[in-house]
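Written below as structure tokens is the structure these notes are about.
Values below: all heavy atoms of this structure, side chains included; hydrogens, waters and symmetry mates excluded. Proteins get letters first, then strands, A, B, ... in listed order; numbering begins at 1 in each.
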Number of protein chains: 2
Amino acid sequence: MSWNLDSDRPIFLQIVERIESDIVSGKYLPGDKLPSVRELAVEAAVNPNTMQKACTELERIGLVYSQRTNGRFVTEDKKQIDRIRKEMAKRTAQEYLRKMKEMGIDRDEAMRLL
Amino acid sequence: MSWNLDSDRPIFLQIVERIESDIVSGKYLPGDKLPSVRELAVEAAVNPNTMQKACTELERIGLVYSQRTNGRFVTEDKKQIDRIRKEMAKRTAQEYLRKMKEMGIDRDEAMRLL
DNA sequence: ATTACTGTACTATCCAAATAGTACAGCGCG
DNA sequence: CGCGCTGTACTATTTGGATAGTACAGTAAT
């Protein structure tokens, strides 16, 4: 699975969102160990520093935690995961309607376009 | 009307999209004169250079043209405007579905969330 | 103990975006 | 003419993201 990173937005943010999605969609399960920073960096073809920045952010959000010398793991707090899943979905939907409205397209038409 | 620019993406790109929307939504009509670069820059609270970069891009796209010492005007080519309108809407809808799919949300649920 | 892996913490460098400031050419109007 | 507006074209500087490279501490397996 390719990472499809574009240059219009900070790469580390795109990575954060990508891994967020992988967690809320269940691709990574609560308690799962993530690949190491270095592994992920190779996979995504970015600098390890960039990947670590993304991981630090995921930690701040509360989706992962790290064991200093052992690795990084998905939180076991399923409520937290579900909360973020709902929040992401809501924000994405609102953003979609906002853009469409800006183009002069109402909700009905926005739904029809899907 | 505020410009709502965020710092997560290049400002000039956000401006381009904003003015694109204003044109395809009919807020600016074909042949309308745009405010000057300097005026727009003040309005959006950005540097004139940034605004000019955005305007140059709009010109490249074919939505506006400039009269060197007179001002900048919306194209009178309504077909071009409509073409871009359809293209923007399509791209936005696809992007929405892509994000939702990444979160593990299918089309039906994505529609329901609107 | 050695080896290999983990996260983490630095410094240095590069590049694009954004800013600040200045300047010039042409049009229109009083 | 002179004034003010227009787009346009520069230079210089700053800032944040990304890169490259190195280093250290702690765990686990051999």
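Here B:Thr50 reaches the OP1 or OP2 of C:dT19: one of its side-chain N or O atoms lies under 4.0 Å away. Contact annotation: B:Thr56 side-chain N/O to D:dT8 OP1/OP2 distance is not under 4.0 Å.
Taking 4.0 Å as the cut-off between side-chain N and carboxylate O, B:Lys90 and B:Glu87 do not count as a salt-bridged pair. A salt bridge links A:Asp22 and A:Arg18; the closest N-O separation between the charged side-chain nitrogens and carboxylate oxygens is under 4.0 Å. A salt bridge links B:Arg98 to B:Glu102: one of the charged nitrogens lies within less than 4.0 Å of a carboxylate oxygen.
D:dA12 atom C1' lies 13 Å from atom CG of B:Asn47, rounded to whole Å. Between the C1' atom of D:dG16 and the CG atom of A:Asn49 lies a distance of 14 Å, rounded to the nearest Å. Here the C1' atom of nucleotide C:dG7 and the CD atom of A:Glu57 are 17 Å apart, to the nearest Å. When rounded to the nearest whole Å, the span between CG of B:Leu13 and P of C:dA16 equals 14 Å. Between A:Met51 atom CE and C:dT8 atom C1' the separation is 16 Å, expressed in whole Å.
Using a distance-only test at 3.5 Å, with no hydrogens or angles considered, no donor-acceptor pair links the side chain of A:Lys99 to the main chain of B:Met88.
Checked by atom type, the side-chain pair A:Arg91/A:Gln94 shows no donor-acceptor distance below 3.5 Å. Judged purely by distance below 3.5 Å, without hydrogens or angles, the side chains of B:Gln67 and B:Asn70 pair a donor atom with an acceptor atom.
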Could you pull out the protein-nucleic contacts involving nucleotides 5-7 of chain D (nitrogen or oxygen on both sides, under 3.5 Å)?
from, atom 1, to, atom 2, distance (Å)
D:dT6, OP1, B:Ser36, OG, 3.2
D:dT6, OP2, B:Ser36, OG, 3.4
D:dG7, OP2, B:Val37, N, 3.2
D:dG7, O4', B:Arg68, O, 2.7
D:dG7, N7, B:Arg38, NH1, 3.1
D:dG7, O6, B:Arg38, NH2, 3.1
D:dG7, N2, B:Arg68, NH2, 3.2

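Out of D:dC10, D:dG17, C:dA17, the shortest distance to the side chain of B:Lys53 is found at C:dA17.
Residue side chain B:Asp8 does not reach the base of D:dG16 through any donor-acceptor N/O pair under 3.5 Å, judged by distance alone.
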